[in-house]
Protein chains: 2
Amino acid sequence: MGVVRTTKTVRLVTQFFDTYEHAIGVLDLVEKFKEEMNRSTIYRILDRLEDEGKVHSFLGANGLKHYAKCKDCNHKEHVDVHPHFQCTNCGMVECVAYEIKIPALPDKSVEQAQLLLTGICANCKD
Amino acid sequence: MGVVRTTKTVRLVTQFFDTYEHAIGVLDLVEKFKEEMNRSTIYRILDRLEDEGKVHSFLGANGLKHYAKCKDCNHKEHVDVHPHFQCTNCGMVECVAYEIKIPALPDKSVEQAQLLLTGICANCKD
DNA sequence: ATTGTAATTGCAACTGTTTTGCATTAAATT
DNA sequence: AATTTAATGCAAAACAGTTGCAATTACAAT
Ligand SMILES: [Mn+2]
Ligand SMILES: [Mn+2]
Ligand SMILES: [Zn+2]
Ligand SMILES: [Zn+2]
């Protein structure tokens, strides 16, 4: 796999993330693109886009993988680490621009912190 | 289901949590008790103990459910909310006695915060 | 433009995890 | 001891994600 090919399906998923401002669960993506591509293709494309630093993933409250576009990441490193918010009413999931301060724990070296916030989103509050 | 029965299997799982100081993944529990009870029984007992406020659950880094005993919870509410730590080397998972400060987000009401810390545990550091 | 190549896809089968329906067992009440 | 019904075991189903392989297709070379 020396060259990387910009196939029709890769383009579709890329374009989706270009304009989508929230995060989306992998099953919703499978559903959304079920006419355009096979579900294994989606999983493979998401893996690839994540490797390339174009999207990042995290686990939602249900344990399902969610994806959102990255800001300044590349295939070397994901610098875009932040909490995520999930609305328990409408299911909306999004990235939160907020720096997680990793607490120091005695005798341990904490390398990563994953923070998932749940509650009611702006839309659902009214 | 008016009465609640203290069966042999419920007693076994309860006793396990009485003495186990860490958190444990559901599949490890299935494995550990595979001679004593059926898989579905474990899942049902864990649901029940969680309802009763005797154990609490959270998702590990792999998205799999983990369980640990509760301190001061009951069937009305789980007051025992805290971060968890998972060692990426040995897989050990434990509760972290540390108060999560829930960040206020504009236009949203954040009700819950789930924080998972990953890194190297005391045992694995030496 | 045509051809050669290998990266990518579709498909169907498979793996791993959790849930479910139902007949059977056994804990608690009488 | 008999009765009641909560809890269990089992096997099948549901669900999410992965894999092997043949067919397709992007794209570099000609
Ligand atoms: Mn994000
Ligand atoms: Mn805990
Ligand atoms: Zn909402
Ligand atoms: Zn360790």
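So that the names make sense, note that chain A is the first sequence line, chain B the second, and so on, each numbered from 1.
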message = What contact category does B:T6 fall into here, base, sugar-phosphate, or nothing, at under 4.0 angstrom with non-hydrogen atoms?
response = sugar-phosphate
request  = Using whole Å, report how far CD of B:E31 lies from P of C:dT17.
outcome  = 11 Å
query = Base, sugar-phosphate alone, or nothing: which one does A:V30 contact when heavy atoms must sit under 4.0 Å apart?
reply = nothing
ask   = Any side-chain N or O of B:Y43 less than 4.0 Å from the OP1 or OP2 oxygen of C:dT18?
value = yes
message = Heavy-atom nearest nucleotide on DNA chain D for B:R39 versus B:T7: which residue maps closer to 5'?
response = B:T7
query = Counting any heavy atom closer than 4.0 Å, what does A:V26 reach on the DNA or RNA strands: base, sugar-phosphate only, or nothing?
reply = sugar-phosphate
query = How long is the line joining CG of B:N38 and P of C:dT17, in whole Å?
reply = 16 Å
key: Atom-to-atom span, CG of A:N62 to P of D:dA14 - whole angstrom   = 21 Å
ask   = Base, sugar-phosphate, or nothing: which does A:R48 touch, judged by heavy atoms less than 4.0 Å apart?
value = sugar-phosphate
inquiry  = I want to check something: taking the side chain as every heavy atom from C-beta on, are B:M37 and B:R44 in contact at a cut-off of under 4.5 Å?
reply    = no
ask   = To the nearest Å, how far apart are A:K8 NZ and D:dA26 P?
value = 7 Å
remark   = note: A:M37, atom CE; D:dT25, atom C1'; distance rounded to Å ~ 15 Å
task = Answer yes or no: is there a side-chain heavy-atom contact under 4.5 Å between B:L46 and B:F17?
result = yes
message = Tell me whether the side-chain N/O atoms of A:S40 come closer than 4.0 Å to OP1 or OP2 in C:dG10.
response = no
key: Interatomic distance where CG belongs to A:D47 and C1' belongs to C:dA7 [whole Å]   = 16 Å
key: Separation of D:dA16 P from B:K65 NZ (nearest whole Å)   = 15 Å
request  = Ignoring the backbone of B:R5, work out which of C:dG10, C:dA6, D:dT4 is nearest its side chain.
outcome  = D:dT4
request  = Pick out which of B:Y20, B:F85, B:F58 makes a ring pair (Phe, Tyr, Trp, His ring centres under 6.0 Å) with B:H66.
outcome  = B:F58
ask   = So does B:R44 reach the base of D:dG9 with its side chain, donor to acceptor, closer than 3.5 Å?
value = yes
query = Do B:V26 and B:V13 belong together in a cluster built from hydrophobic side chains that touch within less than 4.5 Å?
reply = yes
inquiry  = Same cluster or not: A:F16 versus A:V30, using hydrophobic residues (I, L, V, M, F, W, Y) connected whenever any side-chain heavy atoms lie under 4.5 Å apart?
reply    = yes
